[in-house]
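Below you'll find the structure, written out as structure tokens, and then a few comments.
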Amino acid sequence: MVMQKTNAGRFTRRRATSGKLTIPLPSAIQLWKQQLANGIARASLAVSILALISGFYYAYSIQAVWLIPLYIILVALLGLVTLLPKASYTLRALGPLVLIYLMACLDMFEAGRTGSARVLLIALPVLSLLFFDLRAGVLTLGVSLLTLAVFGWLYTTGQLSVGLGVANSTNPTIWVSNTALFTLTTVLLMVSAHYLITRLINALSKLEVNVKENEKLLSLQQAVFDATVDGILAVDPTGKVTTYNRRFAEMWNIPEEIIASRSNIPILAFVREQVENPAAFMARVEELYAHPYAEGDDVLTLRDGRIFARHSTPQRLGDEIVGRVWVLRDVTAERQAAETLKQSQRNFDLFFNTLDDLLFVLDVQGNIIHVNQTVCRKLGYTEAELIGQPVLVVHPPERQAEAACIVAAMLTGEAEFCPVPVITKDGRQIPVETRVITGEWDGRPALFGVTRDISQLKLSEEALARERNLLRTVVDTLPDIIFAKDRNGRKILSNRNDQWMLGASAEAEVVGKTDWDVYSADLAARYTAEDQPVLDEGRMFESEGSFVDPLGQRHWVLGSKRPFRDHTGEIAGLVGIYHDITQLKQAAAEREALITDLEAKNAELERFTYTVSHDLKSPLITIKGFLGFLEQDTLKGRVEQVKHDIDMIANAADKMQQLLDELLELSRIGRLVNPPQTVSLTELAHEAAGLVAGQLTARGVQVDIAPNLPTVTGDRPRLREVLENLLSNAAKFMGDQPHPHIEVGVRYAETPPVVYVRDNGIGIAPQYHEKVFGLFEKLDAVSEGTGIGLAIVKRIVETHGGQIWVESEGAGRGSAFCFTLPQSNQA
Amino acid sequence: MIGEPLIVLLVEDNPAHAEMVIRSFQEHRVANKIYHVLDGEAALDFLYHRGPFSMPDVSPRPHIILLDLRLPKIGGLQVLQEIKKDEDLLSIPVIILTTSEAERDLTMAYENHTNSYLVKPIDFAKFSQLINDLGLYWLAWNRQPW
């Protein structure tokens, strides 16, 4: 098995060099024969050339020129055969042999060593047979016989002076018998040689078959050896590595040169550096080497974290120990998996028992089969008390029926949530939320109930809700407009007043909206501009302004916007509070008005006091004065004077009484108020005219009353008094007008409409227009009355919220008393 | 006492008071001639010889003017102002004779250059004495270039 590595070539190379189990014999024979033939063939070429040269020389030296063409033919044939690529090695080897043989024969023949030549002639065929095959042997024998025959013929015919031993007799019988003997000897030798060779070859062939089978087996073993996941190293007793597999080298990352050394020592030196505890590792190795029969199993931890299981066993051949085999297996993954499993089991136990939730494991009948320690701790049971009990025992008795239904539904998978509280052993209820999941416990289907104690949650939820409600109530009850916006200007809180002001009936209608959604563009732009420094720089914004509510009423507000921050201190938005100061404003305005009014009253009072002191003192002085005169006149007996004095005194006293009466009347105005009524001034004017009818008819005054006088709301008798006084005044100051006329009318063109009482009497010069309304002011000192009438009229009109003035172009041009009164709504 | 008649202009809207002043003068034989007008307008008309007083010799230049403050039409203070604004009239001593004891009236009168300020006493004897002393002082003791 080739490990998948990027440098595949390295492993390929290593595979080629790994230990090989070989039986070399039959192949070696073949190879040897072939190589010999090749060698001879190459050598024969060289020899042929040498032979050619020496042949020429020889032929020349013995004056045998006829030999030269023979030579040339022979050499050419042999060279040709030798050079033929497809020529058999026998053929190629034979040529040189023949040549050598011929040359040796010639040489020996020349030297007269015919005996040696005969041995050669016998030996060559035998050697050919031995070294080559039967065919070569026979061929060589043929050549020997031919040589013998040629030389015999040459000798017999006398062409050659020297003859070969076997054939150099001129006696044909001897020659034939010698030749036959020679041939027989040679053939016998050849037959026996052939027999021997055949036997040998057969034996070798058999051996070759066995070896092939062994090779097959071995290759299978080699494949297994290489493919196994274990690393294997076999060492002989001398410490020489007999074999190893690729996996071994891979496991230790042993470099090529070290493994190639085939020695135990560098390998050990290399691997010991990789284990966690090299000393223990070596000690173990040495111990095992010291005890050849011992087997050993141990575990090696490598510095890179891998873990190897090591097995060492002796290698036996029969009873003999021939070495030791080391087998290493990488068990890192298994060890880690086992460790992980153990760890997760430990973690599970830890979680299971330290979780604050109550964990129940139920069987399919709803009985408890396991609980965590939290259950025992919180409910006060021991584990033994609960195991085997139905889970209903931890539920309050009055809710067990409900719990039973839910548990049943949970068992069928229809429910996975249970809100029923659990109960402790001492009967205390704990509010919980239970979730259920199905699974397996000890190989059987089970229900896992995770029960969470939510009492704290409930308490804090309640507290939170209470606080939220409290805050909400405060925010809604405050008379101010309160809102909050986020950084994008979207509203996130709006109290009731804010909602009302925006015309919304619920907070949801405004939350999430910006000023652009609820206000006009210019208002939204203004508010957004106000918000910017608050959101960007955290500055507080304060302003006073006003707005119109949905009912159309203007409200004055004092507003402030300030930033609010999140838990990191970043500005998260702003809170706006607008305090309605309309009432304050109104109160301030009212106070102003009141002060002005009071100042006016004060001034009036001062004037009044002054006037009263002056006007009341006057009659007193008169009375005292004329009493003095009376005394003098009485003493002097001036009777007429006495009468005058007494009259003056009486007049003054009357005047005083009148003044006092009228003062009282004036003080009543604005104090004794009749309930307001809706009054038609036309109707009232007719009534007033009726009351002063005597005065009018005495002066022959014609009165015209407009029918369309406005209808007003007010104190009816007082309003009638106004008209009565004005009519009376008009009649009084007619002067010598021959056609006295009074007109009561209205000018609707003005707002509010102006009611007037116009006469064509003496008129009033412009400089007196103000003065006529003054208390006890009279333009004519001798006219009747105290001068209080118009003061009363003015007072009545003003207490009704109206105004009064006089229009006259001057003396003799008539005058018009004009006044306004608030219109009645029902008019 | 100089034989030339002394002329007094009495401006008084209350006829009873006017009579009292006139009678008191007569009692004490101080003044020879008293001209009585009822209101401020009449007083100015008298001094400027206007209206009803436009006829010659009807309204001679008075030696002193007795001026009430509360008067119909034109008030006493205004009359005083008019007189003291006039080159010809400002030399005429103007004596305020009033029932008013108000501080304001008093101050205003002097601010408008009144020559004297008298409050009418309620008691007749004192009233009589006041008129007597007034006549004596202004008409007898007091020297005038005319």
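Letters A, B, ... mirror the listed sequences (proteins, then strands); counts begin at 1.
- The two residues A:Lys617 and B:Lys120 make their nearest non-hydrogen contact at CE-O, 4.5 Å.
- Only the side chain of A:Glu606 comes within less than 4.5 Å of a heavy atom in chain B; its backbone stays farther off.
- A:Glu770 does not touch chain B: none of its heavy atoms, backbone or side chain, sits under 4.5 Å away.
- Of the listed residues (B:Thr99, B:Asp123, B:Leu71), the greatest number of heavy-atom pairs within a distance under 4.5 Å of chain A belongs to B:Thr99.
- Taking a 6.0 Å sphere around CD of A:Glu750, one finds it holds more than 12 heavy atoms contributed by other residues, nucleotides or ligands.
- Counting heavy atoms of neighbouring residues, nucleotides and ligands inside a 6.0 Å radius, atom CZ of B:Arg104 does not exceed 12 of them.
- Using a 4.5 Å heavy-atom cutoff, the side chains of B:Met20 and A:Met648 are not in contact.
- Both the backbone and the side chain of B:Ile74 come within contact range of chain A, judged by heavy atoms closer than 4.5 Å.
- Remark: A:Arg699 CZ is packed, more than 12 non-hydrogen atoms of other residues, nucleotides or ligands lying under 6.0 Å away.
- Within the 4.5 angstrom heavy-atom criterion, no atom of B:Val21 approaches chain A.
- Interface residue B:Thr98: only side-chain heavy atoms are found under 4.5 Å from chain A.
- Heavy-atom distances place no part of A:Asp647 under 4.5 Å from chain B, backbone and side chain included.
- The 12-atom threshold is exceeded at CD of A:Gln767, counting heavy atoms of other residues, nucleotides or ligands nearer than 6.0 Å.
- Residue contact with chain B, scored on non-hydrogen atoms closer than 4.5 Å, involves the backbone and the side chain of A:Phe629 alike.
- Distance alone, capped at 3.5 Å, places no donor-acceptor pair between the B:His17 side chain and the A:Ile621 backbone.
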Quick one: do A:Gln641 and B:Arg23 satisfy side-chain contact (heavy atoms from CB on, under 4.5 Å)? Show the steps, please. CA-CA 12 Å; A:Gln641 276 300 120; B:Arg23 270 181 76 170; 2.9 Å; yes

